[in-house]
Amino acid sequence: MRRSPTRRNFLRSAAGLCVALPMLEMTHGKLWAAEGKAKRLVVFFSHGGTITRRSRTGTLDDQYAPGAWHPYDLWKPGDEGVNLTTLGEEMAPLDAVKGDLILLRGVDDSAGSAQGDYGGKHGCSNVTSLTCADTTDGGDDAEALGPSIDQFVAQRLAEESPTPFSSIDLMVDGHNYGEPLYRASGERISSERNPGPAFDRLFKDVTETDSGPTPEQLRIRAYKQSVLDGVLEQLNAMRARVGKADAYRLEAHADHIRALEKQLEALDNLASCTKPDVTNAPFSEGYGNYDDGGMQDIVGPMHVDILLAAFRCGLSNVATYQIGDLLTDWLPSPYNTDLGHSLGHAGLAVGQDGAESDRLQDWRATIVANRNWRMDLFGKVIQGLKDTPEGDGNMLDNSILLFTSEFSCGGDHSPIDMPCLLAGRAGGKWTTGKHYNFNKAAKSDPSQFDYDTDTSLHNVYTSILHGFGWDDAHFGNDNCYKQGPVSELG
């Protein structure tokens, strides 16, 4: 029996039409720019620490043998202001994108320092630096009992906006002690060290486009447009059958639909999907032993190209990129040593009172070139996202990037004052070009050596979750100074 065209039946039909659109959005996701939240995450993990001298007790030198350590902190910026105007020497390759960065200092891996033997074992620091989790023990064989922030985000995004791969995990191989990536308690993530197999796995079903949206994006747009056209047609037909008050409601719905149509038009501003070139890619059997005698200098940029192409082709919303604790022998390296790990420890003996005080400048030149190369790769990821159009802006606008390590001062295995560098605007939630130092002891006098903080990686990762629009109160275990996000990030 056909229903009569009463006001009640009309409103029921109109409500059904309006419900259809939000349901469509939830089931198919948004291909245009994120609305006030991040839509992708990149975690860049550099093994071996940075060029700093913050000890695992918080001092800026060896409390037992003062003067033995190198005298540098090349991670800190050129000034202590909130605006990030001058980068430290270690970050020099990022100068062109410093306006897209947020530098956080005075952030501890309190989960690692609370559990690790003597405050910073390799294994414990590796498995807590991205998980903030409890571990099986505090030694070099520790396993995390919770997921790393990248996999936590990947699992949630897989439910909201499914992609062919929940995360893409790449690595430039080196001599490392421990793996930082965990899918869940005790479940390590293995990163792909070789560009060739990574390419074959990720791009085997990808069809390239010369410009504009991919075929899948066009298919989804056409489907959404057909629904919008149908809703508008029915709304226009109903206008002549209702009173003035209901007509206003219909007009408001029509305005919303026209706004959605403008968002669909923004798909024309999406990047092209082009496969990266991995011709003659080196292959590693492990510990940086690539064929042809090394070649991490070739693998590094290739992995960047793979990561960026995967995002542009819609293969994933999450990527991790590890740089092993390697030596960069293709760069100036006057301080000769056997491992990247040894290079870090050598910094504790080249100070004016150290056993190798005569080699300070050789050590400095070698490790600066080493860490600058890593930063250059991070900069290529930032710039690549920034150069990729998305909606009314670019991919970087709608992304969160994190650069960190398992240590601050690698030679002392220090989980205090960790390297914590962010990039991207989280869909408009974050203001970049900023520097926040949470060392409360440095508020009145940044030059003094004392250290006191109540901020840990737990808080930073909670802020990252907020950047994706989730309202988690806490991330990680209870070995933290306080819960909640970093207030400066929200």
Within the structure provided, determine whether [X] and [Y] are in side-chain contact (heavy-atom separation under 4.5 Å).
X	Y	answer
Asp108	Tyr451	yes
Gln151	Ser167	yes
Asn370	Thr366	no
Phe152	Asp472	yes
Asp397	Asn394	yes
Ile168	Phe311	no
Trp470	Lys37	no
Thr432	Lys98	no

Exercise: do [X] and [Y] side chains pair donor with acceptor under 3.5 Å:
X	Y	answer
Thr279	Asp277	yes
Arg105	His435	yes
Asn459	Thr455	no
Asp169	Thr320	yes
Asn83	Thr85	no

If you round to the nearest 0.5 Å, how far is [atom2] of [Y] from [atom1] of [X]?
X	Y	atom1	atom2	result
Lys76	Met91	NZ	CE	12.0 Å
Asp478	Ser110	CG	OG	10.5 Å
Tyr436	Leu104	OH	CG	8.5 Å
Leu181	Ile149	CG	CD1	12.0 Å
Arg53	Leu348	CZ	CG	12.0 Å
Gln296	Met302	CD	CE	13.5 Å

Inset, instruction - Start with the C-alpha gap between Arg56 and His413, add the side-chain angles, then the distance that decides, and say whether side chain to side chain donor-acceptor pair (under 3.5 Å) holds. - result: CA-CA 7 Å; Arg56 57 180 179 264; His413 298 180; 5.7 Å; no
Exam field: side chain [X] to backbone [Y], donor-acceptor pair closer than 3.5 Å:
X	Y	answer
Asn176	Gly178	no
Trp363	Leu343	yes
Ser463	Val486	yes
Gln155	Ser166	no
Lys121	Gly112	no
Ser408	Ile416	yes
Lys429	Ala38	no
Gln115	Ala111	yes

What are the two closest heavy atoms between [X] and [Y], and how far apart are they?
X	Y	value
Ser405	Ser46	OG-O, 2.6 Å
Lys386	Asp100	NZ-OD2, 2.9 Å
Leu489	Ile102	CD2-CD1, 3.8 Å
Ala365	Pro334	CB-CG, 4.0 Å
Arg54	Asn439	NH2-ND2, 3.8 Å

Inset, instruction - Measure centre to centre between the rings of Phe407 and His122, then say whether the value is under 6.0 Å. - result: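 Yes, they do, as the ring centres are separated by less than 6.0 Å.
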Legend entry - Charged tip of Arg364 within 45° of Tyr72 ring normal and under 6.0 Å: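 Flagged: Arg364 positioned over aromatic ring of Tyr72.
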Legend entry - Derivation and outcome, side-chain contact (heavy atoms from CB on, under 4.5 Å), residues Val172 and Trp373: CA-CA 12 Å; Val172 183; Trp373 182 77; 4.1 Å; yes
Inset, instruction - Could you tell me how the ring of Tyr177 sits relative to the ring of His175: parallel (under 30°), tilted (30 to 60°) or perpendicular (over 60°)? - result: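 Rings of Tyr177 and His175: perpendicular, as their planes differ by over 60°.
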Inset, instruction - If the plane angle is over 60° it's perpendicular, under 30° parallel, otherwise tilted; pick one for His345 and His341. - result: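 The arrangement is perpendicular - the two ring planes meet at more than 60°.
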Ion pair present between [X] and [Y], side-chain N to carboxylate O less than 4.0 angstrom?
X	Y	value
Glu89	Arg371	no
Asp325	Arg374	yes
Lys380	Asp376	yes

Legend entry - Among Glu192, Gln322, His303, the one residue meeting side-chain contact (heavy atoms from CB on, under 4.5 Å) with Met171: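 Single pass found, and it is Gln322.
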Legend entry - Option among Leu402, Asp109, Leu457 that satisfies the side-chain contact (heavy atoms from CB on, under 4.5 Å) test with Leu130: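 The side-chain contact (heavy atoms from CB on, under 4.5 Å) with Leu130 is passed solely by Leu402 among Leu402, Asp109, Leu457.
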Inset, instruction - Could you please spell out the steps behind the side chain to side chain donor-acceptor pair (under 3.5 Å) verdict for Ser148 and Asp150? - result: CA-CA 5 Å; Ser148 50; Asp150 52 286; 2.8 Å; yes
Inset, instruction - Measure the distance from the SG of Cys273 to the SG of Cys313 and say whether it is below 2.5 Å. - result: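 Yes - the two cysteines, Cys273 and Cys313, have SG atoms within less than 2.5 Å of each other.
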Inset, instruction - Please identify each residue that fulfils ring-ring contact (aromatic ring centres under 6.0 Å, His included) with His474, with sequence neighbours left out. - result: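 In terms of ring-ring contact (aromatic ring centres under 6.0 Å, His included), with neighbours along the sequence ignored, His474 is linked to His458.
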Legend entry - Partners passing ring-ring contact (aromatic ring centres under 6.0 Å, His included) against Phe378 (at least two apart in sequence or in another chain):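 Partners of Phe378 under the ring-ring contact (aromatic ring centres under 6.0 Å, His included) test: Phe44, Phe403.
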Legend entry - Working for side-chain contact (heavy atoms from CB on, under 4.5 Å), residues Arg201 and Phe165: CA-CA 10 Å; Arg201 183 173 66 90; Phe165 302 93; 3.5 Å; yes
Inset, instruction - Start with the C-alpha distance between Leu101 and Ile382, add both sets of side-chain angles, then the distance that settles side-chain contact (heavy atoms from CB on, under 4.5 Å), and finish with yes or no. - result: CA-CA 9 Å; Leu101 306 175; Ile382 295 173; 3.8 Å; yes
Inset, instruction - Among Thr131, Thr128, Asp134, find the one that has a side chain to side chain donor-acceptor pair (under 3.5 Å) with Asn477. - result: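 By the side chain to side chain donor-acceptor pair (under 3.5 Å) criterion, Asn477 pairs with just one of Thr131, Thr128, Asp134: Asp134.
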Inset, instruction - Write out all pairs satisfying side chain to side chain donor-acceptor pair (under 3.5 Å) with one or both partners inside residues 346-360, taking only residues at least two apart or from two chains. - result: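 The answer is Tyr335-Glu356.
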Inset, instruction - Mind running side-chain contact (heavy atoms from CB on, under 4.5 Å) on Asp412 and Trp69 for me, showing each step along the way? - result: CA-CA 10 Å; Asp412 197 45; Trp69 293 11; 3.5 Å; yes
Legend entry - Test applied, salt bridge (Lys or Arg N to Asp or Glu O under 4.0 Å); reference residue, Glu390; option that passes from Arg425, Arg40, Arg312: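 With Glu390 as partner, Arg425, Arg40, Arg312 yield a single salt bridge (Lys or Arg N to Asp or Glu O under 4.0 Å), made by Arg40.
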Inset, instruction - Taking atom CG of Asp137 as the centre, report whether more than 12 heavy atoms of other residues, nucleotides or ligands fall under 6.0 Å from it. - result: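 It does: Asp137 CG has more than 12 such atoms within range.
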